[in-house]
Amino acid sequence: MEQLKILVVDDEERMRKLVNDFLTRKQYKVVEAADGEEAINLFIKNNDFDLIILDVMMPKMDGWEVCREIRKLSKVPIIMLTAKSEESDELLGFELGVDEYISKPFSPRILVARVDAILRRTNNIDQGEIEQAGDIEINKAAHIVKVKGEIVELSFKEFELLTYFVKNKGLALSRENILNNVWNYDYFGDARTIDTHVKKLRSKLGDCGKYIHTIWGMGYKFEVN
């Protein structure tokens with residue numbers, strides 16, 4: 001199997017080396033960037049990264065700016081690193097299409113576990129499966145969602161969330177259940193993570209956003225009337 005390639009972006013050399021060492025031990029190919037501008041240049045030049053680990057606080061271009069630029073070009077999974085733990089920062093990350101959000105200081109082993117989980121899911125999609133639910137069509141192999149025949153651009157995590165909803169249509173799903181299955185690790189966040197993604201997903205699905213029903217005090221149910 002071809003070595004998976006990860007771009008690590010952080011202005012702290014010590015942090016880049018730490019992350020690089022742990023990822024290299026797991027046989028990932030790591031490319032480093034010391035600031036946002038270098039990251040954008042590397043991404044545009046190569047555009048073959050399987051995942052990006054991106055620090056927020058950096059000179060020249062901060063992580064938010066880099067994320068915005070990359071999202072114009074690609075759906076590549078992005079893990080954001082930040083020294084801040086404020087709710088507004090985390091919500092902004094999810095609004096920009098960030099797939100995971102980790103506050104510093106963090107355990108490198110936990111970071112690697114999250115990288116493993118994301119890349120395992122992105123590289124083990126059933127190549128022939130197409131799901132249909134009402135006016136929504138999900139092509140898992142191509143990572144494409146169509147609503148009423150029109151392609152809708154979803155982030156990696158939004159795509160996974162919609163796929164999970166459709167797979168379990170008609171079932172009441174608790175927020176804990178969704179976290180365990182969509183995020184697929186011991187997540188230490190809370191309900192706002194899911195609620196933020198659901199809000200964005202509903203908006204992007206347009207009229208089909210009504211398929212996602214809120215079950216107050218519990219979670220959500222996907223149901224096509």
Side-chain angles (χ1 to χ4, degrees), residues 4-13 15-16 18-20 23 28-106 108 110-112 114-119 121-122 143 145 151-162 182-183 185 187-189 192-204:
L4 297 176
K5 190 174 178 182
I6 298 174
L7 177 60
V8 176
V9 189
D10 197 307
D11 60 320
E12 295 183 48
E13 183 178 1
M15 181 62 68
R16 292 198 310 273
L18 177 67
V19 174
N20 191 335
L23 291 173
Y28 292 118
K29 182 177 181 181
V30 178
V31 177
E32 297 182 19
D35 59 60
E37 284 187 0
E38 184 182 2
I40 292 294
N41 290 335
L42 282 170
F43 188 82
I44 292 174
K45 181 180 179 181
N46 298 288
N47 198 17
D48 61 350
F49 295 102
D50 296 286
L51 184 141
I52 298 174
I53 297 173
L54 180 60
D55 186 36
V56 171
M57 302 301 291
M58 294 186 296
K60 297 183 181 178
M61 288 180 71
D62 65 23
W64 306 129
E65 294 176 272
V66 175
C67 184
R68 286 189 185 96
E69 291 303 311
I70 288 175
R71 278 290 171 259
K72 293 176 184 177
L73 306 169
S74 172
K75 299 176 186 175
V76 60
I78 296 175
I79 296 177
M80 293 289 282
L81 305 177
T82 178
K84 297 180 179 180
S85 58
E86 295 180 8
E87 178 179 333
S88 58
D89 290 316
E90 186 169 346
L91 293 177
L92 175 58
F94 290 137
E95 286 289 324
L96 293 176
V98 172
D99 298 286
E100 305 288 1
Y101 190 98
I102 301 178
S103 298
K104 294 180 179 178
F106 58 84
I110 293 296
L111 173 63
V112 172
R114 296 184 182 185
V115 168
D116 287 343
I118 290 177
L119 292 177
R121 295 195 297 272
T122 55
H143 208 274
V145 170
I151 293 177
V152 176
E153 294 293 331
L154 300 182
S155 72
F156 170 72
K157 193 58 66 178
E158 290 163 355
F159 183 90
E160 282 208 319
L161 181 59
L162 177 60
V182 177
W183 274 255
Y185 57 78
Y187 187 76
F188 296 104
R192 71 175 181 269
T193 299
I194 296 173
D195 295 340
T196 300
H197 279 82
V198 168
K199 180 180 178 182
K200 288 268 291 182
L201 183 58
R202 278 175 171 157
S203 175
K204 290 184 177 183

Any heavy-atom pair between the side chains of Ile102 and Leu81 that's under 4.5 Å? yes
Non-hydrogen side-chain atoms of Arg71 and Ile78 separated by less than 4.5 Å: yes
Sequence neighbours excluded, which residues qualify as side-chain hydrogen bond (donor to acceptor under 3.5 Å, both in side chains) partners of Arg68? none
For Arg202, all residues meeting salt bridge (Lys or Arg N to Asp or Glu O under 4.0 Å), sequence neighbours excluded: none
List for me each residue that meets side chain to side chain contact (heavy atoms under 4.5 Å, CB included) alongside Glu12, sequence neighbours excluded, and say none if there are none. Asp10, Arg14, Met15, Lys104
Please report the interatomic distance CD(Glu38) to CZ(Phe43), rounded to the nearest 0.5 Å. 15.0 Å
Going from CG on Leu201 to OG1 on Thr196, what distance comes out if it is rounded to the nearest 0.5 angstrom? 12.5 Å
Could you tell me which residues satisfy side-chain hydrogen bond (donor to acceptor under 3.5 Å, both in side chains) with Lys45, sequence neighbours excluded, listed by chain and number? none
Hey, does Leu4 have a side-chain heavy atom less than 4.5 Å from the side chain of Leu51? no
How many angstroms lie between atom OH of Tyr28 and atom CD1 of Ile53, to the nearest 0.5 angstrom? 9.5 Å
Glu37: salt bridge (Lys or Arg N to Asp or Glu O under 4.0 Å) partners, not counting sequence neighbours: none
For Asp35, give me all partners under salt bridge (Lys or Arg N to Asp or Glu O under 4.0 Å), at least two apart in sequence or on another chain. Lys60
CD1-CD1 distance between Ile118 and Ile79, expressed to the nearest 0.5 angstrom: 4.0 Å
Kindly compute the distance separating NE2 (His143) from CG (Leu154), expressed to the nearest 0.5 Å. 8.0 Å
Taking side chain as C-beta onward, heavy atoms only, is Lys157 less than 4.5 Å from Glu100? yes
For Val31, give me all partners under side chain to side chain contact (heavy atoms under 4.5 Å, CB included), at least two apart in sequence or on another chain. Lys5, Leu7, Leu42, Phe49
If the condition is side-chain hydrogen bond (donor to acceptor under 3.5 Å, both in side chains), which residues does Lys199 pass it with, not counting sequence neighbours? none
Looking at Pro77 and Asp99, what are the two nearest heavy atoms and their distance? CA-OD2, 3.0 Å
Determine whether Asp55 and Asp11 make a side-chain contact, defined as any pair of heavy atoms from C-beta on separated by less than 4.5 Å. yes
Quick one: are Ile6 and Leu119 in side-chain contact, heavy atoms under 4.5 Å? yes
What closest approach, in Å, do Tyr101 and Arg114 show between heavy atoms, and which atom pair accounts for it? O-NH1, 3.8 Å
How long is the gap from SG on Cys67 to CE on Met61, to the nearest 0.5 Å? 10.5 Å
Quick one: list whatever passes side-chain hydrogen bond (donor to acceptor under 3.5 Å, both in side chains) with Asn46, sequence neighbours left out. none
Which residues share a salt bridge (Lys or Arg N to Asp or Glu O under 4.0 Å) with Asp62, sequence neighbours left out: none
